[in-house]
Asker: 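Here it is, the structure, as structure tokens.
A note on names: the letters A, B, ... follow the listed sequences, proteins ahead of strands, and every chain is numbered from 1.
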Amino acid sequence: MLQISVLKEQTARVLAGLAKRNFKTAEADVQAILDLDQRRRALQTQHDAAQAEANELARQIGGLMQMSKNRTLDAFTENKEKADALKLRTAELKTQIKAHADELAAAEQQQTQLLYKIPNIPHESVPTGRSADDNEVVREGGTKPELAAGALPHWELIKKYDIIDFELGIKITGAGFPVYKGQGARLQRALVNFFLDQARDAGYTEVQPPILVNEASGYGTGQLPDKEGQMYHDAQDNLYLIPTSEVPITNLYRDEIIPADKLPVRNTGYTPCFRREAGSWGADVRGLNRLHQFDKVEIVQITQPENSYAAHETMVAHVEQLLQLLKLPYRVLRLCGGDMGFTSALTYDLEVWSAAQGRWLEVSSVSNFETFQANRLKCRYRGEGGKTQLLHTLNGSALALPRIVAALLENNQTPDGIRLPQVLHSYCGFDTIG
RNA sequence: AGAGAGGUGGCAGAGUGGUCGAAUGCGACGGAUUCGAAAUCCGUUAUACCUGCAAGGGUAUCGGGGGUUCGAAUCCCCCCCUCUCUGCCA
């Protein structure tokens with residue numbers, strides 16, 4: 001959620017940013033928010049004044065009542081009459097206050113609803129564009145392998161080596177919930193450990209958060225409102241299965257004023273992630289390309305505003321290093337305005353080359369949300385003069401497992417099995433699948 | 001799941017209708033004392049919003065919402081959460 005002060009003071013920048021996102025109703029919405037804000041403030045002033053008067057009268061009445069004690073009957077009667085006169089005025093005020101409060105609440109609610117509609121303002125480096133086709137390739141790394149004739153896509157390889165079983169998952173749960181078996185299961189565990197160790201070496205503190213979160217957490221990071229349909233929901237207890245550990249790990253800092261010496265916050269965590277993927281279909285979602293449940297190691301940073309873009313670059317570099325260690329060909333994309341997530345100001349996607357499918361697969365998305373999440377989270381620090389200020393939140397996958405596995409399987413297939421990259425050997429306890 | 005207790009400032013903890021944003025203690029910060037430190041003493045120490053160039057002023061907040069009242073941390077109603085015991089259980 002954007003800050004009102006930003007809409008007010010940087011209207012032109014906001015409108016230009018929203019245009020980059022092809023946000024059609026920007027001008028009208030921003031104007032409506034500013035109008036509501038003006039109205040809200042006027043109402044607040046009136047309301048406060050009426051309330052102040054009422055408080056003052058109550059004090060006077062209180063004083064009269066106190067004085068009445070230990071007095072003659074005449075004095076008591078006199079004071080009571082005075083008090084009753086004041087009560088007439090407070091009755092009027094009460095009506096006014098009630099009316100103001102209702103209007104105020106309505107204006108605030110309208111304003112919040114509108115603010116929820118407005119996406120984050122893209123960073124100046126974000127390219128214009130409508131779709132994924134307009135994303136900018138920042139750099140590429142690694143070398144695409146030459147596969148022998150008859151190379152198989154990963155959904156064939158997992159059957160050939162019997163390491164991931166979709167049919168079994170369907171039996172016990174449903175489509176998109178694969179069962180990892182034998183070397184497949186061990187590879188999962190190896191990757192999680194490898195990623196966590198790498199993150200720790202890079203200075204991130206490991207946390208293990210719950211994978212069900214309450215509604216407030218959903219609002220905090222922006223999954224709610226509007227994206228309810230993407231999350232599994234336990235209606236009985238009103239809890240959501242997390243779509244990413246960004247949600248619990250970032251919400252650890254909801255409603256916090258973080259002391260300066262604790263900044264920047266750098267956390268990493270492994271969790272399974274759950275996505276309903278309502279409406280997804282087609283060849284692109286075959287095999288491991290899109291699942292309802294998958295494993296992911298996440299990195300999260302919370303920094304002071306002036307440091308967030310430098311931190312962002314280090315996060316991207318960290319993910320790149322992981323891909324280099326895994327010897328996977330990759331590329332780094334800067335997402336265009338039309339393809340960027342609602343809450344992000346700048347997102348780099350990292351994609352790996354899936355050789356048998358002959359396509360790039362997104363394995364990480366590293367975003368700077370600036371104050372967009374922090375504003376909802378009320379995640380602050382003390383800036384100059386002891387004033388509280390919003391922090392910047394960032395997160396990135398480091399990494400999501402299924403597509404990494406897909407690329408590892410496809411790219412490293414040989415007649416003698418799948419040769420895993422060196423770094424995984426000790427983690428797996430084997431060097432070849434097959 | 002059943003029974004009971006309880007939710008107050010960074011923490012602990014008082015406060016059962018009036019000047020209470022809230023005693024006291026601890027912690028933290030600033031100062032005095034000291035060669036320095038401990039101890040001691042003095043002071044400061046919540047958040048949000050409105051208003052103001054500022055200094056300041058105002059309003060709200062004692063788990064959340066509603067109600068009674070001139071006036072609510074305090075009384076009433078609903079909801080949420082936590083703890084203890086019993087039950088169940090990795």
Asker: With a 3.5 angstrom cut-off on both distances, give the Watson-Crick or G-U wobble partner of B:G56, or none if there isn't one.
Answerer: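 B:G56 is paired with B:U51.
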Asker: When you check the gap from the basic side-chain N to the acidic O, do A:Arg39 and A:Glu103 get nearer than 4.0 Å?
Answerer: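 Salt bridge between A:Arg39 and A:Glu103, a charged N being under 4.0 Å from a carboxylate O: yes.
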Asker: Give me the distance, rounded to whole Å, that separates B:G52 from B:C41 when you measure between the C1' atoms they each carry.
Answerer: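 That atom pair is separated by 39 Å.
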Asker: Partner of B:C70 by Watson-Crick or G-U wobble geometry, both contacts under 3.5 Å, or none?
Answerer: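 Pairing partner: B:G18.
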Asker: Where along nucleotides 45-58 of chain B does protein come under 4.0 Å, by heavy atom, of base (B) or sugar-phosphate alone (S), with - for untouched nucleotides?
Answerer: -SSSSSS------B
Asker: Quick one: A:Ile61 CD1 to B:G17 C1', roughly how many Å, whole number?
Answerer: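 It is 14 Å, rounded to the nearest whole Å.
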Asker: Could you give the distance separating B:C77 and B:A12 at their C1' atoms, to the nearest angstrom?
Answerer: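 B:A12 and B:C77 have their C1' atoms separated by 32 Å.
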Asker: More 5' along RNA chain B: A:Lys87 or A:Glu56, using each one's nearest nucleotide?
Answerer: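 Checking each residue's closest nucleotide, the 5'-ward one belongs to A:Glu56.
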Asker: Please name the nucleotide paired to B:C29 by Watson-Crick or G-U wobble geometry with both distances under 3.5 Å, or report none.
Answerer: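 For B:C29, the partner nucleotide comes out as B:G43, under the 3.5 Å rule.
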Asker: Let's test this: given Watson-Crick or G-U wobble pairing with both distances under 3.5 Å, identify the partner of B:A12.
Answerer: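 Partner of B:A12: B:U24.
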Asker: With both distances kept under 3.5 Å, what pairs with B:G36, Watson-Crick or G-U wobble?
Answerer: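 With both distances under 3.5 Å required, B:G36 matches none.
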Asker: Could you tell me whether A:Arg59 and A:Glu56 have a side-chain N and a carboxylate O separated by less than 4.0 Å?
Answerer: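 Salt bridge flag = yes for A:Glu56 with A:Arg59.
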Asker: Nearest whole angstrom, please: distance from the C1' of B:G10 to the CD1 of A:Ile258.
Answerer: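 My rounded result for the distance is 15 Å.
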Asker: With both distances under 3.5 angstrom, what nucleotide forms a Watson-Crick or G-U wobble pair with B:A1?
Answerer: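 Base-paired to B:U86.
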Asker: Hey, which sits more toward the 5' end of RNA chain B by its nearest nucleotide, A:Thr90 or A:Lys98?
Answerer: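 The 5'-side residue here is A:Lys98.
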Asker: How far does the C1' atom of B:A73 sit from the matching atom of B:G17, given to the nearest Å?
Answerer: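 Between the two C1' atoms, the distance is 11 Å.
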